[in-house]
Protein chains: 2
Amino acid sequence: MTTVDPTREALTSLGRARRLMARTSTADRVADAVREEVVEGRLRPGARLPEQDLCAALGVSRNTIREALSQLVTERVLVREPNRGVFVAQPDRDAVRDVYRVRRLVEPAAVLHGEAFGDAAVAAVRAAVSEGVAGADAEDWAAVATANQHFHRALVALADSPRLDQQMALLLAEMRLVFHRMPGVREFHEPYLTRNDAICTLLEAGDRAAAAVEVERYLRDAELQLLVAYDAL
Amino acid sequence: MTTVDPTREALTSLGRARRLMARTSTADRVADAVREEVVEGRLRPGARLPEQDLCAALGVSRNTIREALSQLVTERVLVREPNRGVFVAQPDRDAVRDVYRVRRLVEPAAVLHGEAFGDAAVAAVRAAVSEGVAGADAEDWAAVATANQHFHRALVALADSPRLDQQMALLLAEMRLVFHRMPGVREFHEPYLTRNDAICTLLEAGDRAAAAVEVERYLRDAELQLLVAYDAL
DNA sequence: ATTGCTGGATTGTTGAACAATCCCTACGGT
DNA sequence: ACCGTAGGGATTGTTCAACAATCCAGCAAT
């Protein structure tokens with residue numbers, strides 16, 4: 001029987017925390033850089049990413065590049081075609097349907113049954129709404145799109161679950177690829193500003209049930225609009 | 001204006017399918033092998049996985065090993081401590097709470113709003129229930145645990161979403177790590193056999209609302225039981 | 001126009017190397 | 001006995017160079 005030493009245990013715990021906040025690895029930074037290029041639209045869906053070019057551009061070895069690319073493939077930001085290379089993902093109709101199927105399950109449930117305490121979580125939702133309005137006032141539609149994503153991230157954050165937050169981040173990154181495949185960012189995002197506001201107001205009033213219903217309707221409309229746009233593509 | 005050639009289009013589609021069914025890469029196979037060892041419990045939570053040992057055991061180079069390990073780290077099967085190595089994950093109390101938070105949102109929602117048509121999906125649930133009963137009759141409690149996981153995977157499959165299925169697979173793999181940290185596999189899984197049966201019967205009767213409520217209660221009880229066991233650890 | 005071949009380019013995988021970091025131990029000072 | 005420190009060994013993080021396997025484009029031949 002080994003006796004537990006609480007002090008020692010606490011110290012090793014601190015050491016672990018230290019390690020977790022250690023500087024990210026090179027591969028992680030490469031992945032961040034490439035992901036940034038993709039979600040910002042500077043790398044278009046379908047674009048090919050030769051490993052050597054990335055080596056030259058980022059000044060790291062091919063192995064490190066490959067590690068980063070594998071990471072992005074599991075995030076669905078890139079797709080790998082064996083022996084051909086990796087490409088920026090091109091979400092197809094089925095991908096859109098599936099993403100919205102998940103969102104329609106998760107987002108209303110988070111609004112309805114979220115366990116986040118206090119008003120901070122709702123305040124984050126309000127902040128995203130304001131951010132969208134500010135973007136619209138400045139006619140910066142890319143900013144409006146970003147604010148919209150912050151809005152939905154804030155909705156999921158009501159569940160107070162790191163794992164769910166992470167999954168939502170992946171889904172939203174995939175959504176950016178969807179938007180990059182089609183024109184009309186303004187037309188798509190602008191109409192939802194008022195609906196965001198309405199949902200947020202319901203939340204602030206404590207009427208989670210009504211807010212959840214409204215979120216579900218929102219997502220259904222958005223999906224339909226995207227699928228129609230895909231058909232016209 | 002380009003004219004569409006349906007034959008040509010079908011052929012390129014075939015080419016893409018060919019690539020997707022291409023034999024998995026070495027790194028993928030290594031990841032599968034290690035994951036198998038972990039979920040089967042032959043590698044205990046907290047165990048260290050030195051890269052060189054894996055090289056010798058599996059006969060592949062260190063770079064390939066590292067690629068596989070990175071993959072498993074993103075799956076939360078392993079954790080990496082920079083400059084120290086990778087270890088089999090040891091889900092802590094917070095991990096259990098978070099996993100169940102996600103499951104309590106997703107599983108009832110999938111049961112309630114799932115869009116899987118036909119009886120095939122419900123039949124899969126029934127199959128998992130029968131599998132559990134068979135395992136209990138044979139007093140094979142590991143089989144009962146596996147059947148339980150199949151049951152919950154079948155519940156999520158009601159949503160008919162590949163992305164959700166994949167996420168559920170990751171959560172269930174994490175749950176296996178939780179179980180490996182504590183004794184009493186039988187005591188934990190056996191009581192849920194009758195509840196599985198009840199939920200399945202409700203589903204077969206078309207009463208999704210009642211089934212969803214029952215799933216939610218189920219998950220709440222299971223979480224509580226696990227947290228108590230953690231405290232006694 | 002279709003088939004078959006060939007050369008070049010890219011990926012998949014390996015092996016070896018080196019710096020950086022960590023762990024452990026021994027040593028010396030107090 | 002306790003703390004700090006310095007060294008040594010082991011492991012990881014990263015790079016580089018090489019080779020086989022595969023794919024692609026272009027060309028030749030029918």
Side-chain angles (χ1 to χ4, degrees), chain A residues 5 7-9 11-34 43 46-74 78-89, chain B residues 3 5 7-8 11-34 43 46-74 78-89:
Chain A
D5 178 348
T7 303
R8 171 152 195 81
E9 190 159 341
L11 292 197
T12 67
S13 169
L14 256 186
R16 195 164 322 171
R18 160 80 176 73
R19 258 164 241 136
L20 289 183
M21 81 180 185
R23 79 163 191 288
T24 63
S25 77
T26 305
D28 287 341
R29 269 173 287 140
V30 170
D32 290 343
V34 175
L43 283 173
R48 183 145 174 266
L49 301 185
E51 299 177 352
Q52 271 184 336
D53 295 8
L54 292 174
C55 290
L58 297 171
V60 296
S61 93
R62 203 155 72 90
N63 298 71
T64 305
I65 292 285
R66 284 178 62 79
E67 217 172 307
L69 293 182
S70 298
Q71 168 92 17
L72 294 174
V73 167
T74 70
L78 308 178
V79 294
R80 157 165 283 137
E81 300 191 7
N83 292 316
R84 278 190 23 93
V86 299
F87 304 79
V88 179
Chain B
T3 64
D5 178 347
T7 303
R8 169 152 196 80
L11 290 197
T12 67
S13 169
L14 256 186
R16 195 164 323 173
R18 161 77 176 76
R19 255 165 243 136
L20 289 183
M21 83 180 185
R23 79 162 194 286
T24 64
S25 77
T26 305
D28 286 342
R29 268 172 288 139
V30 170
D32 290 344
V34 175
L43 283 173
R48 183 146 176 268
L49 301 185
E51 299 178 352
Q52 271 185 338
D53 296 7
L54 292 175
C55 291
L58 297 171
V60 296
S61 93
R62 202 156 73 90
N63 286 335
T64 305
I65 292 284
R66 284 178 63 78
E67 218 172 308
L69 293 182
S70 298
Q71 168 99 15
L72 294 173
V73 167
T74 71
L78 308 178
V79 294
R80 155 164 285 136
E81 300 192 6
N83 293 315
R84 275 186 31 89
V86 299
F87 304 79
V88 179

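Just so it is clear: chains get the letters A, B, ... in the order the sequence lines come, proteins before strands, and each one is counted from 1. Because only heavy atoms are used, hydrogens play no part in the values below, and waters and symmetry mates are left out as well, while side chains stay in.
- For B/Glu81 and C/dC22, the CD to P distance is 11 Å, given to the nearest whole Å.
- Here salt bridge (charged side-chain N to carboxylate O under 4.0 Å, His left out) pairs that include residues 64-74 of chain A, with residues two or more places apart or in two chains, are A/Glu51-A/Arg66.
- Taking a 4.0 Å limit (strictly below) on heavy-atom distances, residues 54-69 of chain A reaches DNA chain D at A/Val60, A/Ser61, A/Arg62, A/Asn63, A/Thr64.
- Rounded to whole angstrom, the span from the CD atom of A/Glu51 across to the C1' atom of D/dA17 amounts to 15 Å.
- Nearest heavy-atom pair across B/Ala31 and B/Ala68 is N-CB, 3.7 Å.
- Neither OP1 nor OP2 of C/dT10 sits under 4.0 Å from any side-chain N or O of A/Arg48.
- To the nearest angstrom, C1' of D/dT12 lies 6 Å from CG of B/Asn83.
- Here D/dT14 presents its C1' atom at 11 Å from CZ of A/Arg29, a figure rounded to the nearest Å.
- Contact annotation: B/Arg84 side-chain N/O to C/dC23 OP1/OP2 distance is under 4.0 Å.
- Considering only residues two or more places apart in sequence or on other chains, A/Asp32 meets the salt bridge (charged side-chain N to carboxylate O under 4.0 Å, His left out) condition with A/Arg35.
- Rounding to whole angstrom units, CD of residue A/Gln52 and P of D/dC16 are separated by 13 Å.
- Shortest non-hydrogen contact noted between A/Ser61 and A/Cys55 is C-SG, 3.9 Å.
- For B/Asp53, there are no salt bridge (charged side-chain N to carboxylate O under 4.0 Å, His left out) partners two or more places apart in sequence or in a different chain.
- Every residue was checked against the salt bridge (charged side-chain N to carboxylate O under 4.0 Å, His left out) condition with A/Arg48, not counting sequence neighbours, and none meets it.
- In secondary-structure terms, DNA chain C builds stems of at least 3 consecutive Watson-Crick or G-U pairs, each pair having both distances under 3.5 Å, at C:1-30 with D:1-30.
- Nearest approach of B/Leu78 to B/Val88, heavy atoms of both residues: CD2-CA, 3.8 Å.
- With values rounded to the nearest 0.5 angstrom, B/Leu54 atom CG is found 6.0 Å from B/Leu69 atom CG.
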